[in-house]
Amino acid sequence: MLQAANVVRGTVPATVRPASSSSLLLTENQQWIGGPPPLMDKLSPRERELVLKQGRRKVLNRGQTLFSQGGKHDGIWLIESGRIRVFYTSPLGREITLAYWHVGNFVGGPEVFEGTVHQWSGVASSNCSVVHLPGKELRSLAAEIPNLAIGLIEGLIFKGKCYSALAQMLGTRSITQRLAHLLLHLVELYGVEDADGRVIAAAFTHADIAHMVGATRQWVTISLKRMQEKGIVVTKRSQIVVCRADALEEMRGQSGD
């Protein structure tokens, strides 16, 4: 499914995560919102150069698939710019979004070397630049550069906690609670003051939201319409404006759908 992408072998600039960049994942732990420490942060300039010399840079347009569930696994991808959505597809074709990963994060786990298949898929949710670090070379680099090995371990620990938190929310929170929680989360990450409240200044469709909370697109559309009738949100074209965060807080704490 991966369409034509520019591939350049060689050294690329070290990844720097903008201060405003943040991973998007469904968790109740506010400390996790910023994502794990960027993989390359603890490396010296020389170590970064050694790592990136083994990498292949890919440029993807929004909607292009980076790796597919069940496909052959070989290494990881370091996000240089843009945002990657990672999701699982059930045998019946239903999707659940695991997270949106941003600059400085790596995707392609939980395996980080080679010899297995991907447990889920990754797709560019915006125009992206990533650096592919092949498994064999990554294994050798991890043995040679302790801070790289520590970065991989820290990243995997963080992702394990996040996916565990997602499973807990799916099992213990109603869909309505998860939707209210997600809207508050989006406001915190992307909220911009508006005449009616705070607009979520990021492009997320009703289908995107449904995949994050474990619902259907139709359910999300109906729920947002009901919220609008109550003055909690206002939908403007492709954007959502949160007018009453206090009402969403109450909904997040309620039981039942």
Once rounded to the nearest 0.5 Å, what's the spacing between atom [atom1] of [X] and atom [atom2] of [Y]?
{"X": "H206", "Y": "T216", "atom1": "NE2", "atom2": "OG1", "value": "12.0 Å"}
{"X": "L182", "Y": "I175", "atom1": "CG", "atom2": "CD1", "value": "13.0 Å"}
{"X": "L60", "Y": "S125", "atom1": "CG", "atom2": "OG", "value": "11.0 Å"}
{"X": "I240", "Y": "M227", "atom1": "CD1", "atom2": "CE", "value": "9.0 Å"}
{"X": "E114", "Y": "K72", "atom1": "CD", "atom2": "NZ", "value": "9.5 Å"}
{"X": "L50", "Y": "I145", "atom1": "CG", "atom2": "CD1", "value": "5.0 Å"}

Check the pair E249 / R252 against salt bridge (Lys or Arg N to Asp or Glu O under 4.0 Å), numbers first and verdict last. CA-CA 5 Å; E249 288 283 4; R252 178 162 62 176; 2.6 Å; yes
Looking only at non-hydrogen atoms, find the nearest pair between [X] and [Y] and report the distance.
{"X": "A142", "Y": "L152", "result": "CB-CD1, 4.3 Å"}
{"X": "V233", "Y": "L224", "result": "CG2-O, 3.8 Å"}
{"X": "V123", "Y": "Q64", "result": "CG2-O, 3.1 Å"}
{"X": "V192", "Y": "A201", "result": "CG2-CB, 3.7 Å"}
{"X": "F106", "Y": "K159", "result": "O-NZ, 2.7 Å"}
{"X": "M251", "Y": "T176", "result": "CE-CG2, 3.6 Å"}

Can you tell if the side chain of [X] reaches within under 4.5 Å of the side chain of [Y], non-hydrogen atoms only?
{"X": "Q119", "Y": "Q69", "result": "no"}
{"X": "I84", "Y": "C128", "result": "yes"}
{"X": "D194", "Y": "V234", "result": "no"}
{"X": "L148", "Y": "L39", "result": "yes"}
{"X": "L179", "Y": "W219", "result": "yes"}
{"X": "R178", "Y": "L170", "result": "yes"}
{"X": "R173", "Y": "H181", "result": "no"}
{"X": "L183", "Y": "I200", "result": "yes"}

Side-chain heavy atoms nearer than 4.5 Å, only ILVMFWY residues, links allowed to pass through others: does that put [X] and [Y] together?
{"X": "V117", "Y": "F67", "result": "no"}
{"X": "V241", "Y": "L248", "result": "no"}
{"X": "V199", "Y": "Y190", "result": "no"}

So, the side chain of [X] versus the backbone of [Y]: is there a donor-acceptor pair under 3.5 Å, distance only?
{"X": "Q228", "Y": "T235", "value": "yes"}
{"X": "R85", "Y": "T97", "value": "no"}
{"X": "N127", "Y": "N61", "value": "no"}
{"X": "R83", "Y": "Y100", "value": "no"}
{"X": "E95", "Y": "F87", "value": "no"}
{"X": "Q239", "Y": "K236", "value": "no"}
{"X": "H73", "Y": "G75", "value": "yes"}
{"X": "R244", "Y": "G231", "value": "no"}
{"X": "T221", "Y": "R217", "value": "yes"}
{"X": "S68", "Y": "S121", "value": "no"}

Do any pairs count as a ring pair (Phe, Tyr, Trp, His ring centres under 6.0 Å) and have a residue in residues 43-62, sequence neighbours left out, and if so which ones?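 Qualifying pairs: none.
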Classify the angle between the aromatic ring planes of W101 and Y163 as parallel (below 30°), tilted (30 to 60°) or perpendicular (above 60°).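 Because their plane-to-plane angle is over 60°, the rings of W101 and Y163 count as perpendicular.
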For K42, side chain to side chain contact (heavy atoms under 4.5 Å, CB included) partners two or more places apart: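 For K42 the side chain to side chain contact (heavy atoms under 4.5 Å, CB included) partners, ignoring immediate neighbours, are N147, I150, E154.
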